Every structure is written in structure tokens, then in C-alpha cells.
Amino acid sequence: MLRVNQVKIRTGHSEEALKKKISDILKIPGQEIRGWKLIRRSIDARKKPELFYSYTLDVEVKNEERVLHRFRGKEQMVCRTQRTSYHFPEPGGRVQELPAVIVGMGPAGLFCAYFLALHGYRPILLERGKSVEERSRDVEAFWKTGKLNPDSNVQFGEGGAGAFSDGKLNTLVKDKDGRNAAVLETLVKFGADERILYDARPHIGTDVLLHVVKRMREEIIRLGGQVRFESQVTDICIEQGRVTGIVIGGGENISCRQLVLAPGHSARDTFSMLYDRQVPMEAKAFAVGLRVEHPQSMINESQYGMAEPGSLGAAPYKVTARAKNGRGVYSFCMCPGGYVVNASSEEGRTTVNGMSYSARGGENANSAVIVTVMPQDFGSDHPLAGVSFQRRLEERAYALAGGNIPVQRYGDFKARVEQNRRQADPREREACRENSPESLKREVTPQCKGAWQWADVSRILPRECNEAIVDGMEAFARQIEGFNRPDACMSGVESRTSSPVRIIRDDGMQSRIQGLYPCGEGAGYAGGIVSAAMDGIRVAEAIAGTYAPGGA
């Protein structure tokens, strides 16, 4: 099998045109090509509006050695490759006395449970929230009425926080063992479009992801696993340094010897319980910021050279910069044709996220523009100081708009931040006022899931974060024309980019408390759907490498 890189061909091509392109690159007749498989596809827009696909392909040919000889010294173009498949480990020598208990049905917990169940184990999967069907109704009701269910919302419930996002499947995790491919293949098996297997920026979309999650749950049950909703773990039982069981909200006890903690990044009460039980943990860096909305047509024009790119769909972007104060500022969770959503999970606190459906057909593009914050920014060296920091920001956001999503035009936001930064004299203040978007045409209308209202969003974040965001917005405008347009809409606060806590584990995936396996994004070991799912698989491997199925 030959790996052929950088196969460049115009978008909208036919299969026959692609075959001819492969034939021309390899300098062989078309009949010598036995077949090919797409490994990666990206869009090359350097000559926009002329757009090209750039493919990496695995190609099977008649006389492989002859072709390879032709490309000696040009292995970056054509080389031999061998497809490797993911392999789950053989079961360990000790028989599992009791089923493993997995806490949380986000990607980490779901994939951990699925891979254990697939190989003969019968895990018990617990979720504090509801099934995706019921959860979806609760989320829609919250967006319409503002009435929050603290255990069934954008953060909590089957599928985790990623279920109400764009279903983006990018990851920077190295994948020499094939776990990334195993995650994507599993998602396709349960209903995702097979394009996620090769697109450079794969996504599923919230509407499709919810169905995929449901089918995975049904398969876990079919394979012998148990799934229980509205079952919040309120305590863990530890004897002589090892896990012996858990307590569920109503007082029910479940004995176990392997406890996988995959609670998600918003399970703040669970973090407090673990701290009280002296489970080792530490505060970690994360990022905070604001959601920014632009017309999707503007992003399309910048990225593809056309406002309506047809079958290519809504264009994404990724931007990063260094602020004057030295902080990194970058786009996060970019949602083409998407919506800003009220993602709150606690009364009296407001946080936002971004979401796209599979069609990405909304009028606006949105992404979080976020700034890295470190434990020294939290005002305390307590392991849960990052949680307190998040809560303070969310309380300010709630107070600004009474629980609605607070929104501000970028021009107004920038003017306020610059006035505070420079301590401008009266003439400079007046100049800022004259350039305010109050006097400009407003073309951008917020596209939100949940009620929103105008507010002074610059009052939410610390001064140094606001300044970094302004510096970033101005820098990004040099990459995407109009990014700093005054009528762009900014919403707050984006505070749940990743976990503020790391539950410490060793190389065997266990805490100092034996049998306790911290897992996924909430435990501090992942940053998105795919990396969390991969971490869930790694924990399943650790359990399977020690124990053989036996718990019933």
C-alpha cells in the first residue's frame, strides 16, 4: 500500500478526475490503480476564490516496488504504508470480583464503558443527569423559560457538555496506538457521517451527536452493562487506602473495586466531595473569555473568497495571538453557522458556550476568544481555587443581565477597555465615544439559544483578560478582515473551557487511592470530545490489563 500525500485537485471534482490525478502523480496508467482510501482531506484556499482539496490517500497499485523506486528520495510525496488497527489488550490474570463503576456519561465515561462492555466486562455506568431524550427537553425548556434544572442542562446529562456543542472532533493528541481512529470509527458505527474519518476538521453536529450517544448507550446495555440516570454519586467509600464502594444521592450503596471518575469539568460539588475525602488533586490552568459573533458570510469571504461557498459549507477559522501583557489569546470551540447558548448549570451564575447543528446553517459564526489564566490568578493556593474563580465571573455575568446572556458590541467593549487601560484624558475619551458603534450601522444580530440582553460585558473579566481580548481582536483582524468590526457581538462569560482541577493519577491511570481511576476532561486529562473519549479507552485498557471479566 502506498501513502500518497498532497494530492491537490479542484473542489467539486469527479471520482474519475481524482483517479486521473493519482495516475498522473504516480506516472502509471489508470488500470494499474486497484483502489484507494481517503486518509485526510483539507481545503487549500491560498488561491481563493479558486479552491482545491488537498488529499492524503492510501493507494493500492499493481507494481508497488517499481513506483516506489521512482520516488526514492521523495518519500514526503509517496512512501510505503501499512494500515494498523487498534487492539484492545488481552484480559489480565485476576478475575474481576465486582463490576467496575463509571461515573459520568460524557465521552470519557461513555467510551470507557463501551470498550469494557465490548470485551466482556459488565460495567455500571452512572449519570447524575437524564437521558439525551429527556435532557434535550429540559435544555430547550431552559432556553425558552429561563427555568434551570441543576442536574439536567447543557453541562449535565447523557453525552456530557460536548453533546450541546458543534460536535467538533479535532484533537492534538498523538495517536500511535490508533485510539483516535477507534473513536471516530465507533462514532461512524453508531450513526456519524463517515466523512469524519478523513476531514481535517471533522464535526458531527449537536443534532446528530445526540442520536449517536443514545445508540452507544443501547449497545452497552445489550452487551450486559448497566446504565442508570439521575444517579449522582455523593460519596465514595475508602478503606485502607482503596476504594470499596460509592454512595448515590438517596443513600444507596454500591460496592466496587474499580471506580472510574469521569464527571466532566462542571461537577463542582463532586470535586468538593473528593477534596473532603482527601483524594489528591491540584488547581490547573485553563482559559476564560467571551463569545464573539460575526456574519458567517464575512468568514466565508475571508476564508474561501466567496460569501456563499455552496457544498463546502460554512467556513471555520482558528486564530491565535500574544497580547501586549504577555498573555496568550486565541479562538476556541469555533462554531460555523452556529449559536451562542446559555450553558449555565448553577442558580445565580451564567456561562455561555457555542453550538452548531450538523448543517451549520445559522447566519452567524461564533467562537470563544479566550485568555489563559494560571493558578496564581485565582487568589488562593487551594486545589479548588479555580472553581471559585469561575464562580465569581459567572456571578458577575448573571448580575449584569438577570440570568439572560449579557451581550455587548465589540466597539463599545473596546472603548471601555481602552479607557481603563490608558486612563485617557477627556479628549481621548471623547474620541472613543465618537467611534462607538452607537453611531454606526448594526448588521450583526446576536444568534442565541436562551434569552439575551445588552449589557456592559467589560465588567465581567479581570482587567488583564479584557485587555488581552482587545489586543487579540485587533491582531485577528490582520488575519480575517473585519474581525474587529465594531458591531461584532460579544457574549459572556465563557468560563468552562476545561477543568480547573486535575485529580492526580499515576502511570497506571490510578489515584493514590487504589482502584480510583480519574478520567477525561473533568479530571484534567483531556480537552474535547475525542481526547476525552481516548482517555476513557486508556482507562478501560488499564482495567482490562489487570482484570479478566467476572463481575456480575
Side-chain angles (χ1 to χ4, degrees), residues 285-294 298-299 302 317-335 338 340-341 343 350-354 364-374 376-378 386 389-390 392-397 400-401 405-424 432 435-437 444 446 448 452 454-498 500:
F286 57 103
V288 296
L290 305 170
R291 280 270 149 189
V292 60
E293 294 182 77
H294 300 93
M298 184 197 91
I299 302 300
S302 172
Y317 64 78
K318 183 178 182 180
V319 285
T320 183
R322 178 70 59 181
K324 294 174 186 175
N325 60 19
R327 292 184 183 253
V329 54
Y330 53 99
S331 60
F332 171 79
C333 186
M334 192 269 154
C335 297
V340 174
V341 306
T350 297
T351 185
V352 296
N353 195 8
N364 289 354
N366 77 75
S367 72
V369 175
I370 56 175
V371 182
T372 303
V373 289
M374 308 296 289
Q376 53 264 38
D377 294 314
F378 303 157
F389 179 83
Q390 288 176 324
R392 290 195 295 273
L393 302 184
E394 292 168 16
E395 286 163 5
R396 293 174 193 167
L400 278 177
I405 298 172
V407 184
Q408 186 174 30
R409 302 281 182 188
Y410 172 63
D412 285 332
F413 176 85
K414 178 186 175 184
R416 289 186 179 277
V417 172
E418 292 295 350
Q419 286 174 6
N420 291 334
R421 172 154 52 183
R422 297 177 302 181
Q423 294 296 302
C432 285
N435 290 327
S436 165
V444 185
C448 297
W452 63 273
W454 299 112
D456 184 3
V457 171
S458 70
R459 294 170 58 188
I460 300 174
L461 294 167
R463 178 180 57 82
E464 57 271 21
C465 291
N466 282 338
E467 292 174 2
I469 287 172
V470 169
D471 292 345
M473 293 287 291
E474 299 303 307
F476 301 156
R478 294 191 286 273
Q479 303 171 53
I480 299 175
E481 185 178 354
F483 203 92
N484 62 344
R485 55 190 291 164
D487 65 339
C489 296
M490 308 195 81
S491 308
V493 58
E494 181 93 15
S495 53
R496 313 278 183 96
T497 57
S498 65

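Model, not experiment: these values are computed from the prediction.
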Practice item. Kindly state each residue pair satisfying ring-ring contact (aromatic ring centres under 6.0 Å, His included) with at least one member in residues 466-493, sequence neighbours excluded. Key: H294-F483, Y317-F483, F476-F483
**Study point:** Minimal non-hydrogen separation, T350 against A397, with atom names
**Key:** O-CB, 3.7 Å
Exercise for review: Please report the closest heavy-atom contact between V457 and P406, naming both atoms and the distance.
Suggested key: CG2-O, 3.6 Å
**Study point:** Expected output: side-chain T497 to main-chain A287 donor-acceptor under 3.5 Å
**Key:** yes
**Study point:** For R485, all residues meeting salt bridge (charged side-chain N to carboxylate O under 4.0 Å, His left out), sequence neighbours excluded
**Key:** E443, D487
Exercise for review: Quick one: pull up CZ in R463 and CG in N420 and give me the separation to the nearest 0.5 Å.
Suggested key: 8.5 Å
Exercise for review: Could you go through the side-chain contact (heavy atoms from CB on, under 4.5 Å) check for R409 and W454 one step at a time?
Suggested key: CA-CA 8 Å; R409 302 281 182 188; W454 299 112; 3.3 Å; yes
Review point. For V371 and V329, what are the C-alpha separation, side-chain angles and deciding distance, and is it a side-chain contact (heavy atoms from CB on, under 4.5 Å)?
Key: CA-CA 5 Å; V371 182; V329 54; 4.2 Å; yes
Check your understanding: Do C465 and V288 touch side chain to side chain, with heavy atoms closer than 4.5 Å?
Key -> yes
Check your understanding: Which of parallel (below 30°), tilted (30 to 60°) and perpendicular (above 60°) describes F389 and F286?
Key -> perpendicular
Exercise for review: Taking the side chain as every heavy atom from C-beta outward, state whether K318 and T320 have any pair of such atoms under 4.5 Å apart.
Suggested key: no
Point to revise | salt bridge (Lys or Arg N to Asp or Glu O under 4.0 Å) between R392 and E395, intermediate numbers included | key: CA-CA 5 Å; R392 290 195 295 273; E395 286 163 5; over 6 Å; no
Study note, to complete from the structure: Hits for side chain to side chain contact (heavy atoms under 4.5 Å, CB included) against N364, two or more places apart or cross-chain, chain-then-number order -> E293, V444, Q447
Practice item. Output the distance between atom CD (E464) and atom CZ (R327), rounded to the nearest 0.5 Å. Key: 5.0 Å
Review point. To the nearest 0.5 Å, what is the distance between CZ (R459) and CZ (F413)?
Key: 13.0 Å
Point to revise | Pairwise side-chain contact, R421 with D471, heavy-atom cut-off 4.5 Å (strictly under) | key: yes
Check your understanding: What closest approach, in Å, do S458 and D456 show between heavy atoms, and which atom pair accounts for it?
Key -> OG-OD1, 2.5 Å
**Study point:** Reported SG-to-CZ distance for the pair C333 and R291, which is rounded to 0.5 angstrom
**Key:** 4.5 Å
Review point. V493 versus Q390: any side-chain heavy-atom pair under 4.5 Å?
Key: no
Check your understanding: Can you tell if the side chain of R496 reaches within under 4.5 Å of the side chain of N353, non-hydrogen atoms only?
Key -> no
Practice item. Identify the heavy atoms of G289 and I469 that sit nearest to each other, and give their distance. Key: CA-CD1, 4.1 Å
**Study point:** Exceeds 12 heavy-atom contacts within 6.0 angstrom, atom CZ of R416
**Key:** no
Practice item. Report yes if some heavy atom in the side chain of W452 is under 4.5 Å from a heavy atom in the side chain of V340; otherwise report no. Key: no
Practice item. Give a yes or no on whether R396 atom CZ has more than 12 heavy-atom contacts from other residues, nucleotides or ligands under 6.0 Å away. Key: yes
Check your understanding: Rounded to the nearest 0.5 Å, what separation is found between the OG atom of S367 and the CD1 atom of I299?
Key -> 8.0 Å
**Study point:** Heavy-atom pair of closest approach, residues G472 and A321
**Key:** CA-CB, 4.5 Å
Review point. Is atom CD of E474 surrounded by more than 12 heavy atoms (other residues, nucleotides or ligands) closer than 6.0 Å?
Key: yes
Exercise for review: Quick one: pull up CE in M473 and CD1 in I480 and give me the separation to the nearest 0.5 Å.
Suggested key: 10.0 Å
Exercise for review: Would you name the heavy atoms of G492 and V352 that are closest together and state the gap between them?
Suggested key: O-CG1, 3.5 Å
Practice item. Apply side-chain contact (heavy atoms from CB on, under 4.5 Å) to the pair V319 and Y330, showing each step before the final yes or no. Key: CA-CA 6 Å; V319 285; Y330 53 99; over 6 Å; no
